[in-house]
There are 2 protein chains.
Amino acid sequence: MDRQQTNCCGARVDCAHCDIRPIAICGALQPMALGKLAAIAGTRRVDAGAQLIQEGEPAEDVFTLTEGMLKIYKLMPDGRRQITGFLIPGDLVGLAYGDSYIYSAEAVTDIVACRFRRGSLLALMADYPELEHRLLSRAGNELAAAQAQMLLLGRKTARERVATFLLGLAERRGIDRGEPMPLPMNRSDIADFLGLTIETVSRTLTLMRKAGLINLPDKHSVTITDMAHLQAASGD
Amino acid sequence: MDRQQTNCCGARVDCAHCDIRPIAICGALQPMALGKLAAIAGTRRVDAGAQLIQEGEPAEDVFTLTEGMLKIYKLMPDGRRQITGFLIPGDLVGLAYGDSYIYSAEAVTDIVACRFRRGSLLALMADYPELEHRLLSRAGNELAAAQAQMLLLGRKTARERVATFLLGLAERRGIDRGEPMPLPMNRSDIADFLGLTIETVSRTLTLMRKAGLINLPDKHSVTITDMAHLQAASGD
DNA sequence: CGTAGACTTGAACACTGTCAACTTGAGTGG
DNA sequence: CCACTCAAGTTGACAGTGTTCAAGTCTACG
C-alpha cells in the first residue's frame with residue numbers, strides 16, 4: 001500500500017495506520033519539527049504475545065503505537081501481575097520515567113509501533129518546545145486515567161469494575177451502542193487489569209449477559225445492549 | 001523570619017520552607033526564568049481539614065506545596081473515596097489535566113503552597129522550555145507512583161499494603177531506621193489510600209507492632225523497628 | 001471530670017478467591 | 001471427516017481475607 005511511504009511522523013517507513021486517529025507526538029507540529037521527527041523515527045513490529053519492553057531495562061526507546069493493542073504491566077517477585085493499561089493506536093509507550101522502564105509491555109495482538117531513540121527525542125524537544133508541550137499534555141491524560149483506575153481498584157466492586165472497563169473501552173474505541181466491540185485480550189488480562197481473578201471476571205460477564213446488559217457473541221467480542229443500566233452498574 | 005522575603009521562586013511572599021527540598025518547578029531554572037516565575041507566584045495557606053481544590057472545578061491555579069501535607073482524592077457519587085496521593089513539600093498540585101481538576105485536594109495539616117495562575121504558567125512555559133521540561137519530568141514521577149499504587153491496590157494483601165505504605169512514606173520523608181515518623185493523616189485517610197477499611201488498617205498496624213516490626217508511640221507517629229522484615233512484608 | 005471523636009478490638013458475615021470439574025472451540029493428525 | 005488434544009473459558013462448592021456491625025478504650029479538650 002502506498003501509505004508505506006510515510007508513517008505518522010512523515011518517516012519513510014511502513015506504518016500503515018499512522019493517521020487513523022490523532023497521533024500523540026506528531027499532531028499539530030510545525031512542518032520543520034515534523035520533518036526532524038520523521039528523520040529519527042523507525043518502525044517496530046511485535047507479534048501477539050511477545051514483549052516490546054521490559055521493566056527495569058534501560059529506557060532507550062519511546063514508541064507510539066500505530067496498530068494493534070499493547071498491554072503494560074508490573075510484576076511482583078512471586079508472579080502476581082497488575083496490568084496498568086491497554087494501549088491502542090495513538091498511545092505512547094516508555095515515556096520519561098527516568099533511566100529505566102518502570103513497566104513491561106507485551107503485545108496483545110500483532111502490533112506496529114513507531115520507535116524513537118530517547119536521546120534523539122530529548123534533543124529534538126530542546127529545539128521544538130511544541131513537541132514537549134504535546135508530551136506533557138499526553139502525560140496529563142495518562143495520569144488522569146491512572147487516578148480513575150486507582151479509584152476502580154481501591155473502591156469498586158467486581159461488577160462495577162467490569163462495567164467500568166467495558167464502558168471505558170467502548171468509549172476509547174469509539175464503539176456505538178449495539179455495535180460489537182472486539183475484546184482482543186483474554187480473561188486473564190482483564191482480571192489482572194481489574195484486580196480480580198479470571199473466575200470472577202467470567203462470572204460477572206455471565207451475570208451481565210443474563211441481566212440483558214451485554215451480549216457475548218464469542219469470547220473475544222462484546223456488544224453493549226443496555227447502555228443506561230451498564231452505566232448505572234459502573235458506580236459513577 | 002527573614003525568609004519571608006522570598007518564596008521558593010524568589011517571590012516576595014511569606015513561604016517559610018521553600019528551600020527545604022528541591023522544589024518541583026523552580027530548581028535549576030535560569031535566573032531570568034526564575035524572576036518571571038516569581039513575578040506570577042502567590043501564596044495560599046489552608047487550614048488542616050479544609051479544601052484547596054475540588055474535582056470538576058475550573059483548573060485556574062497550579063500549586064507547589066511548600067509546607068505541610070495535602071491529600072488528593074476522588075469521590076464516587078455514593079461517597080466512597082479513593083485517596084490517590086499524600087503530597088509533601090516540593091510536590092505539585094493541579095497540573096495539566098485539561099480544563100477542570102480531576103481530583104479534590106484537602107489539607108491534612110495546615111499547609112502553605114505557592115500559587116501560579118494556570119494561564120501565566122502556560123505563557124511562561126512558552127518562553128522558557130526548561131520550565132516545561134521540569135514539569136514533564138515531574139509528571140513522569142507521578143505516573144510511576146500511580147502505577148506502583150495500582151499494583152498495590154490490585155494485587156497486594158492488607159499486610160503488604162500497610163508495609164508498602166510505611167516504607168514509602170519513610171523513604172519520601174527521609175526517615176532513618178529507628179527514628180519516629182509522623183503520621184499526620186488519620187486512619188480513615190490511610191484506609192482510603194490503601195483501599196481498605198479503618199478497622200483493617202488498625203488491626204494490621206497492631207499485628208505489626210506485636211510482631212516487632214514497628215512501634216506506635218502514639219496515634220500519629222510510627223517507628224520502623226525491623227526494616228528487613230517490614231520490607232519482606234511489603235511483597236517486593 | 002465529662003464528653004466527643006478517633007481508634008481498637010471482637011464476632012459474624014459476605015464478597016471474592018481457591019480449587020476442581022466440566023464445556024467449548026481451535027488446531028492437529030490419522 | 002472425525003477423533004483427539006490442549007488451552008481458554010465457564011460453572012460449582014467451599015474457604016478465607018477483609019468488611020460490617022457493634023462494643024469498648026483512649027485521649028484531647030472544654
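In what follows, every chain begins at residue 1, and chains take the letters A, B, ... in the order their sequences are listed.
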Trainee: Without decimals, in angstroms, what is the distance between D192(B) CG and dA6(C) P?
Mentor: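 It is 13 Å, rounded to the nearest whole Å.
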Trainee: Starting from P on dT8(C), measure out to CG on N186(B) and report it in whole angstrom.
Mentor: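 Checked: the CG to P distance equals 11 Å.
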Trainee: Please determine whether side-chain contact (heavy atoms from CB on, under 4.5 Å) holds for the pair Y103(A) and Y73(A), giving the CA-CA distance in whole Å, both sets of side-chain angles, and the decisive distance to 0.1 Å.
Mentor: CA-CA 6 Å; Y103(A) 52 71; Y73(A) 59 92; over 6 Å; no
Trainee: Testing the basics here: between V108(B) and A48(B), what is the closest heavy-atom pair and its distance to 0.1 Å?
Mentor: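 Smallest heavy-atom distance, with atoms named: O-CB, 3.5 Å.
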Trainee: Could you measure the distance from the CD atom of Q82(A) to the CD atom of Q147(B)? Nearest 0.5 Å is fine.
Mentor: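 The CD atom of Q147(B) is 10.0 Å from CD of Q82(A), to the nearest 0.5 Å.
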Trainee: Want to settle it: does R155(A) or I198(A) sit nearer the 5' end of DNA chain D, counting the closest nucleotide to each?
Mentor: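 Nearer the 5' end of the strand: I198(A).
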Trainee: Would the distance check show the side chain of T225(B) and the main-chain N or O of L213(B) forming a donor-acceptor pair, the cut-off being under 3.5 Å?
Mentor: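 Such a contact is found between T225(B) side chain and L213(B) backbone.
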Trainee: What pair of heavy atoms forms the shortest contact from V222(B) to P217(B), and how long is it?
Mentor: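 In this case the closest contact between V222(B) and P217(B) is CA-CD, 4.3 Å.
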Trainee: I need the minimum non-hydrogen distance between S104(B) and E55(B), along with the two atoms involved.
Mentor: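 The answer is OG-N, 2.9 Å.
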Trainee: Give the rounded distance in Å between these two atoms: CZ of R161(A) and C1' of dT16(C).
Mentor: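 After rounding, the gap between these two atoms is 10 Å.
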Trainee: In whole angstrom, give the distance that lies between atom CZ of R187(A) and atom P of dG17(C).
Mentor: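 Interatomic distance, CZ of R187(A) to P of dG17(C): 16 Å.
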Trainee: What heavy-atom pair brings L87(B) and R172(B) nearest, and what distance separates the two atoms?
Mentor: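 Residues L87(B) and R172(B), closest heavy atoms: N-NH2, 4.4 Å.
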Trainee: Does the pair R161(B) and T164(B) meet the rule for a side-chain contact (heavy atoms from CB on, under 4.5 Å), with working shown?
Mentor: CA-CA 5 Å; R161(B) 292 181 200 206; T164(B) 304; 5.8 Å; no
Trainee: Do side-chain atoms of Q149(B) reach the backbone of M150(A) as a donor and acceptor pair under 3.5 angstrom?
Mentor: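 Not a single qualifying donor-acceptor pair exists.
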Trainee: Please list, in numerical order, the residues of residues 199-211 of chain B that have a heavy atom closer than 4.0 Å to any atom of DNA chain D.
Mentor: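 By residue number: E199(B), T200(B), R203(B).
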Trainee: Taking any atom closer than 4.0 angstrom to a non-hydrogen atom of chain B, what span of DNA chain D does the protein reach, first nucleotide to last?
Mentor: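 Using the under 4.0 Å cut-off, the span is dG18(D) to dC26(D).
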Trainee: Tell me whether the NZ or CZ atom of R115(B) lies within the 45° cone about the ring axis of F63(B) and under 6.0 Å from its centre.
Mentor: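 So R115(B) doesn't make the cation-pi contact.
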Trainee: Can you pull out the residues from residues 213-223 of chain B that lie within a 4.0 Å heavy-atom distance of DNA chain C?
Mentor: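 By residue number: K219(B), H220(B).
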Trainee: Do you know the tightest heavy-atom contact between M181(B) and L169(B)?
Mentor: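 Smallest interatomic distance, heavy atoms only, reads SD-C, 3.8 Å.
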